[in-house]
Amino acid sequence: MAVRLRLRIRVRDRIIEDIALLNSGFEAPTPQLLIPISTARALGLWPPTEDAREVTVDTAGGPLKVWLYARVAEVKVITEDAESRDAEVDIIVSPLADEPLISDLLADELEIAVESFGKGLWRFRNDPPGKLRHSAE
């Protein structure tokens with residue numbers, strides 16, 4: 001199991017909802033959301049626009065060429081009974097990704113507290129004590 005969250009992603013006038021994996025190993029200097037090309041296409045970010053910067057990032061599998069859009073999107077977590085605040089994020093478009101990935105700093109901005117990665121349990125930091133949420137399907 002893993003922690004997956006339903007996100008609402010807004011880039012300019014395009015808004016989509018998607019399930020994103022919270023990846024504790026995705027360390028970034030800014031709040032970042034890594035997305036596959038299919039999600040970038042839905043958001044009007046593929047093919048790369050003039051706002052994109054081609055960069056190489058280090059991954060567990062070695063260097064990877066991606067496209068970085070600085071502070072281009074707002075995201076929030078959506079649940080049945082609550083929403084997080086909006087977070088302004090950098091979007092990274094990866095040709096190898098098959099699902100969106102939430103960086104460590106983005107999880108902080110969204111006020112996510114993981115209770116169990118293995119069981120897929122989490123909560124918002126302002127949830128009442130003992131309230132557990134389950135990964136999105």
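Only this structure's heavy atoms are used, side chains among them; waters, hydrogens and symmetry mates stay out.
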For the [atom1] atom of [X] and the [atom2] atom of [Y], what is their distance to the nearest 0.5 Å?
| X | Y | atom1 | atom2 | result |
| --- | --- | --- | --- | --- |
| L64 | S94 | CG | OG | 4.5 Å |
| S84 | L7 | OG | CG | 8.0 Å |
| S24 | I102 | OG | CD1 | 12.0 Å |
| I92 | Q32 | CD1 | CD | 3.5 Å |
| I35 | E99 | CD1 | CD | 13.0 Å |
| R71 | D90 | CZ | CG | 7.0 Å |

Measure across G44 and T49 and return the closest heavy-atom pair with its distance rounded to 0.1 Å.
-> O-CG2, 3.8 Å
In short, F124 meets E83 closest at the heavy-atom pair CZ-C, 4.1 Å
Assess whether side-chain contact (heavy atoms from CB on, under 4.5 Å) is satisfied between K131 and N126, documenting all intermediate values.
-> CA-CA 10 Å; K131 174 147 180 114; N126 64 356; over 6 Å; no
Return a table of donor-acceptor pairs under 3.5 angstrom between the side chains of residues 106-122 and protein atoms on other chains or two or more places apart.
residue	atom	partner	partner atom	Å
E115	OE2	R123	NE	2.8
S116	OG	K119	N	3.0
W122	NE1	H134	O	3.4

Are I9 and L33 side-chain neighbours, meaning at least one heavy-atom pair lies under 4.5 Å?
-> yes
State, yes or no, whether a side-chain contact exists between N23 and S103 at a heavy-atom distance under 4.5 Å.
-> no
Mark yes when over 12 heavy atoms from residues, nucleotides or ligands other than R85 sit less than 6.0 Å from its CZ; otherwise mark no.
-> yes
Treat each ILVMFWY residue as a node, draw an edge where side-chain heavy atoms are under 4.5 Å apart, and state whether [X] and [Y] are in one component.
| X | Y | value |
| --- | --- | --- |
| L132 | V3 | no |
| L5 | L34 | no |
| V75 | I16 | yes |
| L43 | I78 | no |
| I19 | L21 | no |

Verify whether one side chain among T79 and R6 offers a donor that lies under 3.5 Å from an acceptor in the other.
-> no
For the side chain of [X] and the backbone of [Y], is there at least one donor-acceptor N/O pair under 3.5 Å apart?
| X | Y | answer |
| --- | --- | --- |
| Y69 | L45 | yes |
| D104 | A28 | yes |
| D86 | E74 | no |
| S135 | A2 | yes |

Could you give me the CA-CA distance, side-chain angles and deciding distance for E54 and V66, then say whether side-chain contact (heavy atoms from CB on, under 4.5 Å) is met?
-> CA-CA 6 Å; E54 191 174 314; V66 297; over 6 Å; no
Going through the distances and angles, do R10 and V72 end up as a side-chain contact (heavy atoms from CB on, under 4.5 Å)?
-> CA-CA 9 Å; R10 183 173 66 79; V72 71; over 6 Å; no
Report the C-alpha distance between R8 and I15 in whole Å, list the side-chain angles of each, state the deciding distance to 0.1 Å, and finish with yes or no for side-chain contact (heavy atoms from CB on, under 4.5 Å).
-> CA-CA 7 Å; R8 181 170 296 142; I15 299 172; 3.6 Å; yes
Below 4.0 angstrom, N of the basic side chain to O of the carboxylate: do D81 and R133 qualify?
-> yes
